[in-house]
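These notes concern the structure reproduced below.
Every chain is numbered from 1 and lettered A, B, ... according to where its sequence line falls, protein lines coming before strand lines.
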There are 2 protein chains.
Amino acid sequence: MAIVDPSLVAHLPLFAGFSTDELGEILREARSARFARNSAVFEQGEEALSFYVLLHGHVRASKTTPAGEQVVVRYVAPGETFGVAMAIGLQRYPATATAVDDSVVLAWPSAAWPRLVAKFPALATNTLQTVGSRLQETHTRVVEMSTQQVEQRVAHALLRLAKQSGRKVEHGVEIDFPISRQDIAQMTGTTLHTVSRILSGWEQRGLVESGRQRIVLREPHKLFVLAETVPGETEPPIRP
Amino acid sequence: MAIVDPSLVAHLPLFAGFSTDELGEILREARSARFARNSAVFEQGEEALSFYVLLHGHVRASKTTPAGEQVVVRYVAPGETFGVAMAIGLQRYPATATAVDDSVVLAWPSAAWPRLVAKFPALATNTLQTVGSRLQETHTRVVEMSTQQVEQRVAHALLRLAKQSGRKVEHGVEIDFPISRQDIAQMTGTTLHTVSRILSGWEQRGLVESGRQRIVLREPHKLFVLAETVPGETEPPIRP
DNA sequence: GCCAAAGTTTGCGTTGGCGCAACGTCGACG
DNA sequence: CGTCGACGTTGCGCCAACGCAAACTTTGGC
């Protein structure tokens, strides 16, 4: 019997199109594991022994440059796969995965991937779609970094996080895991100082409410307008 | 009989692991087409009716923002696939593909993809690997844009182009297709003015030789050192 | 062979955002 | 409940790169 009830994961994109029996067979090869907040699931450069599905919590994937600078590649939300290095032809993890909250994962041995794919080709096509989506998102990020200023990039980043991992609260949408100014800086290609200044500004304008590792979007729509507004541009002129 | 001799494309990553017969069956569904320099293979937002393998020439994939700014996503070299929107779950092309040189492509109807993948699952795993590689490359680009200055990013971009599409010439390596300052600016997230200034500087130092839509790397190694050098940093200090 | 268009170069003033530094504040842990 | 460490804020000076503008060069079309 599998470690996890198939019905709990049947709806995930990775398992689209599978019968309960097939799912059971796949799940039988997985183990489940828990990672405490701030612990590493795997480290950049390590041999890619497993691939994962996140069940609960949140995981940050980040790359460290030779010079020691870190860049956040993405945040993983529950239901998403990560660490699929083997599937895309890598022997080693290209990034570090850190649990930013207490997290629970399903883990398969990477060695099982070829056999699983041989038996269940839909795994490959499903993974192709999710990797494709990530490629699109990363291209979007490149376009933003090429054409927009820091304030807009930060706005976009927060809106994306809120969409992916937002939790409705009293006065807006709160990002549902601990996130620092530094983290946001590493997502948007700037410094924590600049992020701090931007958030302070927004706070005074009532757009957000934020504190230690905590951000609430109070006016997501206004933030969206700000994110789309070309800096030099003002409101569309009203005809006299 | 197929339009293209199987032996000509058997070595491509997309077709890894296929027999000549299988390859023939796949190629039978393709048509070949020629695109003149500066003509569009497909446009961003168009319905993704085909996917392609580039046989000869060079193709630029670029995205246009709502504000009208363009960003170069990548350059496609012979042997590479492009326009695989359908495989990654898109109905429409997310970018425009332009032949930067007279080019020849193989084109399959996107509609054939599901059937081909069903019959030849290795197509999916091969594509997964190439899309995975592109994701890695794009992440590298994000990291560079986040941590490096313009001069280094331009150096990296040229070195990558030289590796992918370099042609040995008398005094170095020439990038084997027409490429403007503007193109390089759109690859590295800067302006054509800044690129022009940087290339002028390098030209005086004898690192490159360049002209109208033409760039020769005369000292690739020195360029590599420059690309890796942290701006503030000088040569490692010599002990007294 | 001439002209228009496209690509490139370069000067100059401006500025967004960085780097540094100092200080403030919250929370966890003993 | 006090202390220490991590996180956040803010002022200030600076500079890499941008934006604008003008001039120059090459090339392809007619």
Sequence neighbours left out, cut at 3.5 Å: what donor-acceptor pairs do the side chains of residues 207-214 of chain A make with other protein atoms?
unit_1  : atom_1 : unit_2  : atom_2 : d
E209(A) : OE1    : R218(A) : NH1    : 3.1
E209(A) : OE2    : R214(A) : NH2    : 3.2
S210(A) : OG     : R181(A) : NH2    : 2.9
S210(A) : OG     : E203(A) : OE1    : 3.3

Which donor-acceptor pairs under 3.5 Å do the side chains of residues 130-137 of chain B make with protein atoms, sequence neighbours left out?
unit_1  : atom_1 : unit_2  : atom_2 : d
T130(B) : OG1    : T127(B) : O      : 3.0
S133(B) : OG     : Q129(B) : O      : 3.0
R134(B) : NH2    : T81(B)  : O      : 3.3

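Legend: residues meeting salt bridge (Lys or Arg N to Asp or Glu O under 4.0 Å) with R141(B), ordered by chain and number and at least two apart, are absent. Taking Y75(A) as the reference, F177(A) meet the ring-ring contact (aromatic ring centres under 6.0 Å, His included) condition, with sequence neighbours excluded. With sequence neighbours excluded, the residues forming a salt bridge (Lys or Arg N to Asp or Glu O under 4.0 Å) with E151(A) are R205(A), listed by chain and number. Judged as a salt bridge (Lys or Arg N to Asp or Glu O under 4.0 Å), and not counting sequence neighbours, the contacts of R160(B) are E144(B). Under the ring-ring contact (aromatic ring centres under 6.0 Å, His included) criterion, F51(B) pairs with W108(B), W113(B), sequence neighbours left out.
The phosphate of dA17(D) has neither OP1 nor OP2 within less than 4.0 Å of any side-chain N or O from T190(B).
The separation between E151(A) atom CD and dC18(C) atom P is 13 Å, rounded to whole Å. Residue W202(B) contributes atom CH2, which lies 13 Å from atom P of dT9(C) at whole-angstrom precision. Between the C1' atom of dG29(D) and the CG atom of N38(B) lies a distance of 15 Å, rounded to the nearest Å. Rounded to an integer number of Å, the gap from M145(A) CE to dG17(C) P is 12 Å. Rounded to whole angstrom, the span from the CD atom of Q149(B) across to the C1' atom of dC15(D) amounts to 10 Å.
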> Could you write nucleotides 4-13 of chain D as a row of B, S and -, 5' to 3', where a protein heavy atom under 4.0 Å of any base atom gives B, of only sugar-phosphate atoms gives S, and otherwise -?
Replying inline: -BBSSBBBB-
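Note on ring orientation: taking the six-membered ring where Trp is involved, the planes of F42(A) and Y93(A) are parallel (angle under 30°, cut-offs 30° and 60°).
Recorded end-axis angle for the helix from dG1(C)-dC30(D) to dG30(C)-dC1(D) stands at 50°, based on five pairs per end and rounded to 10 degrees.
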